[in-house]
Undergrad: 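The structure under discussion is supplied below as C-alpha cells; questions concerning it will follow.
Quick note on labels: first sequence line is chain A, next is B, and so on, each numbered from 1.
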2 protein chains.
Amino acid sequence: MPPKTRIQPPQTPAISDAEWIVMREFWARGETNSAEVIAALGKTQHWKPPTIMTLITRLVKKGALGFERQGREYRYRPLVDEAHCAHAVSKSLVDRVFGGRVAPLLATFLDRQKLSKKDIAELRQMLDQKPGGPK
Amino acid sequence: MPPKTRIQPPQTPAISDAEWIVMREFWARGETNSAEVIAALGKTQHWKPPTIMTLITRLVKKGALGFERQGREYRYRPLVDEAHCAHAVSKSLVDRVFGGRVAPLLATFLDRQKLSKKDIAELRQMLDQKPGGPK
DNA sequence: AGTCATTAATTACACTTGTAGTTCGAGTCA
DNA sequence: TGACTCGAACTACAAGTGTAATTAATGACT
C-alpha cells in the first residue's frame with residue numbers, strides 16, 4: 001500500500017478588498033439573492049447596484065460564490081470557507097509585513113490602538129488555552 | 001485662543017504587496033543604494049533588476065522613499081515609518097476581514113497554524129504587560 | 001578622448017481592481 | 001398580449017499592479 005498522502009487544503013481564490021466586503025455579506029447570510037446584499041451594501045458602502053453586481057459576478061468567476069437560478073432570480077452562496085480565507089489573507093499579510101511572525105502583528109494593535117479591557121481579556125483567554133498557559 | 005487641534009498622524013502611502021517587500025529591504029538598511037536591494041531581492045524573489053527599479057521608482061513617486069544623488073548613484077531612504085505603515089495595513093485588514101476585531105485575527109493563527117512555544121510565550125508576555133494582567 | 005560599465009529613466013504590456021452605465025432577457029401584471 | 005419591472009449580463013474606463021525590456025545618461029577606466 002502506498003503511504004497515505006496528506007490532504008491539502010484547497011487554494012483560496014484571490015479576493016480583492018472590495019470583494020471581501022461582498023463576501024462577508026454572503027457569509028453572514030449563507031445563501032441569499034443579490035437584492036438583499038445590494039440593499040445592505042448600498043447603505044454601508046454607498047455603492048451603486050451595478051458595482052455590487054460586478055463584484056458578485058467576479059466572485060462567481062473566481063469560484064468564491066456559486067448560484068442557483070430560481071425563476072429569474074439567482075440565489076448565491078459561498079463556495080469557500082470564511083475562516084479558511086481569513087487565515088490565508090492574514091498569513092499573507094504577516095509573511096509580507098512582519099516576516100512571518102505573529103507577535104509583531106499583535107504588538108502593533110497593543111501599541112497603537114486603544115483596545116478595550118474586554119478585548120484584552122478575550123485575547124488573554126485564548127492564549128491561556130494553549131499549552132503552558134494557566135488553566 | 002482657538003482650541004488646540006489634535007495632530008493627525010500622516011497618511012500612509014498605499015504600498016502594494018510587491019512594494020512592501022521592497023520597502024522592508026530599505027527599512028532594514030535605513031539608507032542604501034539600489035544595487036544592494038537588487039542583489040538581495042534577486043536572490044529571495046527572483047526578480048529581474050528592472051522589476052525592482054520600477055518598484056523603487058513607484059515608491060519614490062508615492063512618497064514612501066526619498067533619495068539623494070551621490071555621483072551617478074542614488075542613495076534611497078524610507079520617508080515613512082515602518083511600524084506606522086504596518087499598523088495601517090494591519091488595521092485595514094482587520095476592519096475588512098474581521099469587522100474591526102483583533103481577537104478573531106489572533107484566533108486564526110492560534111487555530112490554524114503551529115505556533116512555537118516561544119511564540120506563544122511572547123504573545124502572552126505582551127498581554128501580561130497590559131492593565132489587568134499578571135505582573 | 002574614447003570606450004565601457006553601471007545606474008536610472010523610459011517604455012511596454014497584460015492583468016487586476018474599483019466603480020458604474022447600458023442592454024438584454026425573463027417574469028409579472030393589467 | 002403588450003407593457004413594465006426587475007435581475008443579470010455586457011460593456012466601459014481609468015487607475016493600479018506585477019513583471020520586465022530598452023534606452024539614455026553619467027561616471028570610471030584605459
Side-chain angles (χ1 to χ4, degrees), chain A residues 11-26 29 31-77 89 92-93 95-97, chain B residues 11-26 31-77 85 89 92-93 95-97:
Chain A
Q11 290 286 340
T12 57
I15 299 171
S16 72
D17 293 356
E19 288 162 359
W20 254 104
I21 295 168
V22 174
M23 280 305 298
R24 286 192 73 213
E25 293 295 328
F26 284 105
R29 292 161 171 78
E31 174 177 312
T32 191
N33 60 8
S34 61
E36 198 165 310
V37 167
I38 285 168
L41 293 177
K43 284 199 206 118
T44 59
Q45 300 294 136
H46 308 298
W47 287 332
K48 300 287 173 65
T51 302
I52 300 165
M53 278 312 305
T54 298
L55 297 172
I56 289 172
T57 303
R58 286 178 185 168
L59 285 164
V60 166
K61 190 165 181 182
K62 290 180 178 184
L65 285 180
F67 63 84
E68 272 185 351
R69 289 188 74 155
Q70 283 186 0
R72 69 170 158 183
E73 196 172 79
Y74 287 24
R75 302 280 294 179
Y76 298 93
R77 63 187 168 89
V89 72
S92 172
L93 177 98
D95 289 346
R96 189 175 67 254
V97 174
Chain B
Q11 290 287 339
T12 57
I15 300 171
S16 71
D17 293 358
E19 288 161 359
W20 255 103
I21 295 168
V22 174
M23 281 305 299
R24 286 192 73 213
E25 294 295 328
F26 283 106
E31 173 177 314
T32 192
N33 60 8
S34 61
E36 197 165 312
V37 167
I38 286 168
L41 292 178
K43 284 198 205 114
T44 58
Q45 300 292 132
H46 308 297
W47 286 331
K48 300 286 171 69
T51 301
I52 300 164
M53 278 312 307
T54 299
L55 296 172
I56 290 172
T57 303
R58 286 178 185 170
L59 285 164
V60 166
K61 190 164 182 179
K62 290 179 178 183
L65 286 179
F67 63 83
E68 273 186 347
R69 287 187 74 155
Q70 283 187 358
R72 70 169 156 185
E73 195 173 80
Y74 286 24
R75 302 280 294 178
Y76 298 92
R77 62 186 169 88
C85 292
V89 71
S92 172
L93 177 98
D95 289 346
R96 191 175 66 254
V97 173

Undergrad: Using a heavy-atom cut-off of under 4.0 Å over every strand shown, decide if A/Asn33 touches base, sugar-phosphate, or nothing.
TA: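 Touches nothing.
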Undergrad: Please list all pairs passing the side chain to side chain donor-acceptor pair (under 3.5 Å) test where one or both residues lie in residues 38-50 of chain A, with sequence neighbours left out.
TA: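 Every candidate side chain to side chain donor-acceptor pair (under 3.5 Å) pair involving residues 38-50 of chain A fails, so no pair, neighbours aside, qualifies.
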Undergrad: Please list each protein N or O that sits under 3.5 Å from an N or O in nucleotides 25-27 of chain C, with the distance.
TA:
none

Undergrad: Which part of the nucleic acid does A/Lys62 contact within heavy-atom distance under 4.0 Å: base, sugar-phosphate only, or nothing?
TA: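 Touches sugar-phosphate only.
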Undergrad: Using a cut-off of 4.0 Å on non-hydrogen atoms, how would the nucleic acid contact of B/Ser16 be classed: base, sugar-phosphate, or nothing?
TA: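 The residue B/Ser16 makes sugar-phosphate contact but no base contact.
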Undergrad: Polar pairs (N or O, both sides) under 3.5 Å between protein and nucleotides 9-14 of chain D?
TA:
from  : atom 1 : to      : atom 2 : distance (Å)
D/dA9 : OP1    : A/Tyr74 : OH     : 3.0

Undergrad: Once you round it to whole Å, what is the distance between P of D/dA8 and CD of A/Glu68?
TA: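 Taking atom P of D/dA8 as the reference, CD of A/Glu68 is at 14 Å.
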Undergrad: Between B/Ile52 (CD1) and D/dA21 (P), how many Å, whole number?
TA: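 It works out to 12 Å between those atoms.
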Undergrad: In chain order, what residues pass the side-chain contact (heavy atoms from CB on, under 4.5 Å) check against B/Arg77, with sequence neighbours excluded?
TA: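 Partners of B/Arg77 by the side-chain contact (heavy atoms from CB on, under 4.5 Å) criterion, ordered by chain and then number, come out as B/Glu31, B/Leu79.
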Undergrad: With sequence neighbours left out, write down each residue that passes side-chain contact (heavy atoms from CB on, under 4.5 Å) with A/Ser92, or none if nothing qualifies.
TA: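 Per chain and number, A/Ser92 pairs via side-chain contact (heavy atoms from CB on, under 4.5 Å) with A/Arg96.
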Undergrad: Report, one line per pair, each donor and acceptor closer than 3.5 Å where one atom sits in a side chain of residues 56-71 of chain B; sequence neighbours left out.
TA:
from    : atom 1 : to      : atom 2 : distance (Å)
B/Thr57 : OG1    : B/Met53 : O      : 2.8
B/Lys62 : NZ     : B/Ala14 : O      : 2.6
B/Lys62 : NZ     : B/Glu19 : OE1    : 2.5
B/Lys62 : NZ     : B/Glu19 : OE2    : 3.2

Undergrad: How long is the gap from CG on B/Asp17 to CG on B/Leu55, to the nearest 0.5 Å?
TA: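 Output value for this atom pair is 11.0 Å.
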